[in-house]
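So that the names make sense, note that chain A is the first sequence line, chain B the second, and so on, each numbered from 1. Below, all heavy atoms of this structure are taken into account, side chains as well, without hydrogens, waters or symmetry copies.
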Amino acid sequence: MTGALALAVLFLLLAIGAPVGLAMLGAGILGLWMIGGSGMVMGILQNAPLSTVSSYELITIPMFLLMAEFVLLSGVADSLFRATAALVGRIPGGLGMATALAGAGFGAICGTSTASAATLSSTSLPAMLKLGYEPKMAAGVVAISGTLAMLIPPSVALVIYGLLAEVNIGALLIGGIIPGILVTMTIMLTVFLLAWRHPERAPRSPAVSWREKIELLRVVGPMLLLLTLVTGVIYSGIATPTEASALGAFGAFVLAITHGQATPAKLGHSVLRAVQGTCMIAFILLGASIFGYFFTLTRLTQDLVGWVGAMEVSRWVIIAIILAGYIVLGAFMDQIAILVLTVPVVLPLIKSLGFDPLWFGIIKIVTAEVGMITPPIGLNCYIVARYSGRPVGEVFQGTLPHFVAHLVTIAILVAWPSIILWLPAQMGR
Amino acid sequence: MLTVLKIPIEITERLMNSICSVLIFLIMVIVTADVLMRYIFTSPLSWSYDMIGMYLMPGLFFLIMSKAYISGSHVNVDVISARFPRRLHDFSEILIASIGTLAFALIAIAGAERGWDGFLADEVLAGSIPWPTWPAPLLVALGSSLIAARFLLSGIAHAQALALGSPVDSALTVAATHAKEGFE
Amino acid sequence: QQITLRVADTFPNGHTIHENATKLFMTEVTRLTNGQVTFQHFPAEQIGKAKDLLALTQAGVTDIGLVVPAYTSDKMPLSAVADLPGAFTSNCQGTLAMETLLAPGGVLRTREWDVLQLHPLFSYILAPYQMVVSSSKPVKALADVEGLKIRSVGGPLDLAVHSVKAVPVRMSPAEIYESMSRGTIDGALLAMQSVVSYDLTKLIRAGTIDENFGTIFSTYAMSERNWRKLPTNVQAAITTAGSTITHESCKRFEASEQTAMKAAQAAGMTAITFNDGDRAKLHGALLNIRRDWAKDLDRRGKPGTEVLDAFAAALGN
Ligand code: NA
Ligand code: NA
């Protein structure tokens, strides 16, 4: 009864537009008060808020956000797209495929998909439009390619999943690499098929001379620097995955100073955005922690797990229902909010069904990618629309083929878990 | 009248902005220095782990909370509420602000109590550096009272608007618009 | 009447401490009270992190909570006496000495636990920690340890690492394996049972086998307020069960530490046995850590030396 009331309050607050963190905080305090009175509420409020953020391991979130801001400022992304375009531009849908490749490359040095979408919107989208690409198709491929940044390490979303699910974050980040490549190829294949069926939607680009191609290799330097600082230092044992996030931010800072047009004002703005982003994520984690106490003490999770476990249904049916639920939720809600609201409840269920939490985390992030491009709340589509000045509806239409292709990819990842689990296993886990 | 109340809040927020920008930058520099000192000279910064976890991270998060909130960095689901008529909108904002004021006032009181008790008892961590543990809950109390004050101001502004039937002074509200940019 | 008590700790379900202490305690209390008392177990930090469980237990958020003085050294500095390096090597010797100090009227009970309004139920030590080394550099003498990067958890364990001129490095347990396999760290201070459960045996090349570089002493406790609410027959049952489990589990952990030690050696860990000169030097340095600890607390107006002496007396030294 208490559980139902607090859940009702949670959904009411969400419906009237309360921020997710505040809704969980308010509903959680109410629920705890009903269970144990003011003594319990104050006992938890004395500890949980500070405990949520006083952790050294949590620095990955501000550091990845800071790195993304500095990478944006450095302008590395522009040259990255020009280099990939020179490489594959002549193939049907070449510039679209180059966008996916640049999205993957940018994803390898940037931890947030919205930063990536913003970058691609200002570099590859104008290039495609200039060449005569159908705006719908160009915008669609930009929106979806941006989402690669949350799957390919570094990734803020994977770190948050790792914190919530208590999965080894290093292994989780490594686990994103192969699915990231698979999804990149899916996007490229989708673009190729679209361009091959309707060549007029995606004209070919003019040839680029070999001299120019080699010129463009200069982008490799900064890329390698950042890749080394984030992934390389972990492999070579110079730093732990936690520390690597700070090294990545520092490397991006150096790049922003040496490559970009970084003024003190611009730097200050970037830093402030990273701080506010950190706060936004931690605010949700704080609300989730308080609401989580309520959920734990009422044993709602255990009851749910027991209830589903007693059902005479194949575990594959259950996972299909969960994933379908995620795609529906993803249409309406922010991805971090979805992670925070659902992982504490769904993960025990996933474990009790015998699925690997690392595998599930990667699958969850791929469904989150889908959520970033589905209406009505598809953040990447809004970003592309804003940067390009095109109507949002058009961008959503352009992502439709990619939505379908992503569903196929999810099915493949569910059917063959080793695609996800093989690489982390090579790390010795 | 309400606008006057806003001034001290805004000055404090601006100060917190600068402090938090310094904190995040410090974390980046300290961790990088720690790794380099350990790798090259085998002498890591022994104080960095506790200092970052105990003070810098809580400071970074709690001190910016109010400013981050009014900058619209916080995420909500406005599919339904965007269609609310003005009076219903005012009403729901009053509800949200009341919850925000109450919740963060409680967190601030809890943090202040814990910090003050710890200060009186001179609580420090055992180890080579006796870090005091009481400043961290005081950071929680400071940041939480700031955002509680913001919510209170917003609630009053919406109540006034509802009573007078006039549009709310947008400079006073903390209504989180749906995040235009995300961090995932 | 029926009583249900919440028990909160930080270990994942099925952890050796659950199997060899927590669950035994719960079963024993239920048995002694003929089913009047049952438990709801919240493992895996479900009700809070290790450093918060003291306050959450005091507040009654959980009835019984895991209290680890090492993680709340600001609130209970004196109870860390068992964590100090070098005082004992037998698990039961250390655990039972602490039981004496925590018994009603014992110095820790009156000076710290009564002040915090906490009622200890049963205690354990996983094992005195050994220094395990994963670097390829052979370690035979104390001088070979100098400059090695050793993962530690702060507090007295850091001081123990310093005392042998090695370098303490902090990181979460989840990062130990990767950091060792890639040389970010050269070793760690751990119980052999943790070496086995973190799957480190194939990375460890050498390790001490009979030293004490410090440890983490832990207690399951209740707030005095909730304790006084229990009927006397239940209090008696819990007291009896607590004592039984403290005595039983120290033997079990001693045995599993030996098993783990054998497994580590079978997997290729060379035993580091220092010569007499090195041993005297090491034990002298560790004794200094204990004395400095006591003097430091004395200076802050807390009975450090009194507690250290009482612990030494209880150990029979
Ligand atoms: Na990424
Ligand atoms: Na969506």
Side-chain angles (χ1 to χ4, degrees), chain A residues 13-22 25-26 29 41-42 45-46 49-50 53-56 58-59 62-63 65-66 112-114 150 156-157 233 238-239 243 246-247 249-250 253 268 271-272 274-284 332-337 368 376-377 379 382-383, chain B residues 17 20-21 23-25 27-32 34-35 39 49-50 52-54 57-58 60-62 64-65 67-69 71 73-82 84 92-93 95-96 99-100 102-103 106-107 109-111 113-114 136-137 140 144 175-176 178-184:
Chain A
L13 288 174
L14 287 175
I16 66 171
V20 176
L22 185 65
L25 183 61
I29 289 177
V41 171
M42 290 312 272
L45 289 187
Q46 273 197 353
L50 183 58
V53 290
S54 54
S55 141
Y56 183 87
L58 203 67
I59 66 167
M63 291 302 108
L65 291 178
L66 195 58
T112 69
S113 92
T114 44
M150 68 200 290
V156 171
V233 292
I238 296 173
E243 295 163 343
L247 293 176
F250 191 79
F253 172 66
V271 171
L272 200 56
V275 176
Q276 295 191 348
T278 306
C279 180
M280 176 228 115
I281 291 169
F283 192 93
I284 299 180
F332 299 99
M333 274 181 71
D334 173 78
Q335 292 304 326
I336 292 172
I377 308 289
L379 221 42
Y382 285 112
I383 286 166
Chain B
N17 259 355
C20 290
S21 300
L23 290 184
I24 195 172
F25 207 79
I27 294 175
M28 178 184 87
V29 172
I30 291 173
V31 175
T32 305
D34 183 30
V35 170
Y39 187 69
Y49 192 94
D50 283 328
I52 290 174
M54 277 181 66
M57 283 299 289
L60 176 63
F61 166 59
F62 275 99
I64 199 75
M65 193 157 50
K67 185 70 187 170
Y69 195 96
S71 309
S73 298
H74 291 290
V75 176
N76 64 349
V77 188
D78 60 358
V79 186
I80 306 171
S81 58
F84 280 179
S92 54
E93 286 301 329
L95 184 61
I96 292 170
I99 291 170
L102 184 67
L106 288 178
I107 294 177
I109 292 168
E113 274 177 1
R114 182 173 157 190
V140 175
S144 302
H178 183 81
K180 298 293 180 295
E181 293 153 274
F183 297 91
E184 56 269 279

Where [X] and [Y] come nearest, the two heavy atoms and their spacing:
{"X": "A:F283", "Y": "B:M65", "answer": "CD1-SD, 3.7 Å"}
{"X": "B:I99", "Y": "A:G26", "answer": "CG2-CA, 3.8 Å"}
{"X": "B:M57", "Y": "A:S55", "answer": "CG-O, 3.8 Å"}
{"X": "B:E113", "Y": "A:Q46", "answer": "OE1-NE2, 3.2 Å"}
{"X": "B:P58", "Y": "A:V53", "answer": "CA-CG2, 3.8 Å"}
{"X": "B:I64", "Y": "A:C279", "answer": "CG2-CB, 3.3 Å"}

* To do: Apply side-chain contact (heavy atoms from CB on, under 4.5 Å) to A:Y56 and B:V31, showing your working.
  => CA-CA 10 Å; A:Y56 183 87; B:V31 175; 3.8 Å; yes

* Under 4.5 Å, counting heavy-atom pairs only, tell me which of B:P137, B:C20, B:S92, B:G100 racks up the most with chain A. => B:S92

* For the candidates B:L60, B:L23, B:I30, which exhibits the highest count of non-hydrogen atom pairs separated by less than 4.5 Å from chain A? -> B:L60

From [X] [atom1] over to [Y] [atom2], what is the distance, rounded to the nearest 0.5 angstrom?
{"X": "A:M280", "Y": "B:F61", "atom1": "CE", "atom2": "CZ", "value": "11.0 Å"}
{"X": "A:I29", "Y": "B:L106", "atom1": "CD1", "atom2": "CG", "value": "5.5 Å"}
{"X": "A:L22", "Y": "B:I96", "atom1": "CG", "atom2": "CD1", "value": "7.0 Å"}

Is chain B contacted by the side chain of [X], its backbone, both, or neither, given a heavy-atom distance below 4.5 Å?
{"X": "A:L13", "answer": "side chain"}
{"X": "A:L50", "answer": "both"}
{"X": "A:I59", "answer": "both"}
{"X": "A:L58", "answer": "both"}

Contact class of [X] relative to chain A, heavy atoms under 4.5 angstrom:
{"X": "B:Y49", "answer": "both"}
{"X": "B:L95", "answer": "side chain"}
{"X": "B:D34", "answer": "side chain"}

* Name the option with the most non-hydrogen atom pairs under 4.5 Å to chain B; the candidates are A:A246, A:G268, A:A368. => A:A246

* Asked: So which of A:L272, A:I238, A:L247 has the biggest tally of heavy-atom pairs under 4.5 Å with chain B?
  -> A:I238

* B:I107 vs A:L25 side-chain heavy atoms within contact, under 4.5 Å -> yes

